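Beneath this line is the structure, given in structure tokens, with notes to follow.
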Amino acid sequence: MLTHSLTLTPETARHLSLLRTLGTPELSPYSRWQRLGWDASSRYLLSVQKQGGTPLRWWDLHSEGTAPLFAHSVSLCVAAWFLPGSQRLLSVTARGTLQIWSVTDGTLLSSVETGGSVSNACLSSDGTRLLLASAQGRVLLWDLERSWLVWRLEDPAFLYGCALSTDGRFAAVGAAEAQAGAATRASVRLWDARTGKPVGSRTLDAQLIWNVAFTPSGEGLVAANSGGELLFLGLPGLETVRSIEAPASGALQVEFSPEGSLLAASADTSAFVVIDVQEGRRVFAYSDLDDMQGSTANFSPDGRFVSWGMDDGKVGIWGVKPRP
């Protein structure tokens, strides 16, 4: 069971501490990256591992043990999510295979091919649509309820992290546009999520945009560039509203807390930070000093915990213990 934690705010997050670790050590000679995700009730937590360890695992946090509830060797697994309002889990592979799993008994319920390679993906907040992007410039939106393609487009840029706005209006991706002499220039692409029609594009002063995330209010977008900045952009014009410092040499992943007052950012080194969005400064930072690994940092939907993948393949959960 998880120790009780206070709701995370810019004030309480200063006192985050490691409350629990999940899994057993899975040492690997390869670099490791974990992508984590919570279910809507904050009871289940999953990990997708790229290189080293078991690719797909998930835990029932009501259990006292540290072993995953289930673990599957899903070849080239890119990402996974718990589907809202169900006991099902969706995984996607680099070959574009979508698989639905039972959360409670671990069985594979269905599998479908989208017909294209995938390097990054984002599930809509209602769990009905999936945005898929490949590094080579292909973007598509998949309807999970009907198992069909809603729209597809080709972009000449190299594409990185993608996102869907909570209100379902926009789709965005971080990109790198090819320049003369093998150089690249950072860019953000914005589309109408319902139709795939371009809404805007903005080039920025950096080599690339690692990732993007919409604010919970839907009024803006944060883009993590390779220059070590987090850029807050307005919608739909993508104008720069403000800029704050990212962790280390750059943030590969960013995520807002449920109410939007905090931002978790994972570095391209073995570290993550929690940032006060209004003040633009970090209130908590952690690193295990292992440059061979990294992880997303994810807030629980109830706003009480933040998870991050550790150097030996385990997963840590941080929270704030109430004062006696």
Side-chain angles (χ1 to χ4, degrees), residues 2 5 7-9 12-13 16-23 32-50 55-61 68-69 77-84 89-92 103 120-125 127 131 161-164 166 210-216 222 224 230 246-247 251-268 270-275 277 282-288 293-311 313-320:
L2 275 177
S5 170
T7 299
L8 299 182
T9 67
T12 62
L16 280 164
S17 63
L18 183 60
L19 301 180
R20 185 176 180 183
T21 57
L22 304 170
R32 183 197 308 270
W33 176 263
Q34 292 193 66
R35 178 167 175 164
L36 309 180
W38 297 77
D39 82 308
S41 70
S42 301
R43 172 175 176 173
Y44 296 99
L45 181 66
L46 66 80
S47 167
V48 171
Q49 294 193 89
K50 295 181 181 179
L56 177 62
R57 302 171 293 166
W58 63 92
W59 291 266
D60 181 352
L61 301 181
L69 185 61
C77 192
V78 171
W81 307 264
F82 293 102
L83 294 173
L89 182 152
L90 167 69
S91 64
V92 57
V103 172
N120 285 283
C122 178
L123 181 69
S124 64
S125 58
L131 183 66
C162 59
L164 289 166
T166 303
W210 286 118
N211 217 316
V212 291
F214 288 94
T215 61
V222 62
L230 297 175
L252 296 188
Q253 172 262 348
V254 290
E255 179 179 296
F256 285 95
S257 60
E259 88 298 338
S261 68
L262 296 170
L263 185 68
S266 301
D268 63 352
S270 55
F272 77 95
V273 300
V274 177
I275 297 169
V277 173
R282 64 189 64 183
V283 294
F284 179 78
Y286 178 85
S287 174
D288 57 22
Q293 66 88 29
S295 171
T296 63
N298 302 83
F299 292 103
S300 61
D302 63 11
R304 298 190 299 126
F305 304 99
V306 60
S307 58
W308 187 73
M310 307 179 82
D311 61 348
K314 293 190 293 186
V315 174
I317 300 177
W318 281 257
V320 180

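Quick note: residue numbers are just sequence positions, from 1. Note that the structure is predicted; figures quoted are calculated from it, not measured.
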Can you give me the closest heavy-atom contact between [X] and [Y], atom names plus distance?
X: S5; Y: G319; answer: OG-CA, 3.5 Å
X: S261; Y: T9; answer: OG-CA, 4.5 Å
X: A246; Y: L230; answer: CB-CG, 3.8 Å
X: L131; Y: C162; answer: CD2-CB, 3.7 Å
X: W38; Y: L61; answer: CZ3-CD1, 3.4 Å
X: P301; Y: P258; answer: O-CG, 3.5 Å

- Task: Under the side-chain hydrogen bond (donor to acceptor under 3.5 Å, both in side chains) rule, collect the residues that match up with S41, sequence neighbours excluded.
- Result: D39
- W81: partners by side-chain hydrogen bond (donor to acceptor under 3.5 Å, both in side chains), with sequence neighbours left out: none
Could you give the distance from [atom1] ([X]) to [atom2] ([Y]), rounded to the nearest 0.5 Å?
X: S300; Y: L8; atom1: OG; atom2: CG; result: 7.0 Å
X: I317; Y: L18; atom1: CD1; atom2: CG; result: 9.0 Å
X: L262; Y: R282; atom1: CG; atom2: CZ; result: 14.0 Å
X: S307; Y: N298; atom1: OG; atom2: CG; result: 4.5 Å
X: L56; Y: S91; atom1: CG; atom2: OG; result: 6.0 Å
X: W59; Y: L69; atom1: CH2; atom2: CG; result: 10.5 Å

I want to check something: taking the side chain as every heavy atom from C-beta on, are [X] and [Y] in contact at a cut-off of under 4.5 Å?
X: L83; Y: V103; answer: no
X: V222; Y: F256; answer: yes
X: L45; Y: L22; answer: yes
X: S266; Y: L252; answer: no
X: V315; Y: R57; answer: yes
X: I275; Y: V283; answer: no
X: L16; Y: V306; answer: yes
X: L36; Y: S295; answer: yes

- Query: When you look at L89 and W58, which way does the side chain to side chain contact (heavy atoms under 4.5 Å, CB included) test go after all the steps?
  - Reply: CA-CA 10 Å; L89 182 152; W58 63 92; 3.7 Å; yes
- Message: Set out, in order, the CA-CA distance, both residues' side-chain angles and the distance that settles side chain to side chain contact (heavy atoms under 4.5 Å, CB included) for F305 and L19, then state yes or no.
- Response: CA-CA 9 Å; F305 304 99; L19 301 180; 3.7 Å; yes
Is there a donor-acceptor pair closer than 3.5 Å between any side-chain N or O of [X] and the backbone N or O of [Y]?
X: T21; Y: G316; answer: no
X: S47; Y: Q34; answer: no
X: E255; Y: F299; answer: yes

- Pair T296, Q253: side-chain N/O donor-acceptor within cut-off below 3.5 Å: no
- Item | S257 side chain to E259 side chain, donor-acceptor N/O pair below 3.5 angstrom | yes
- Task: List for me each residue that meets ring pair (Phe, Tyr, Trp, His ring centres under 6.0 Å) alongside W308, sequence neighbours excluded, and say none if there are none.
- Result: F272, Y286
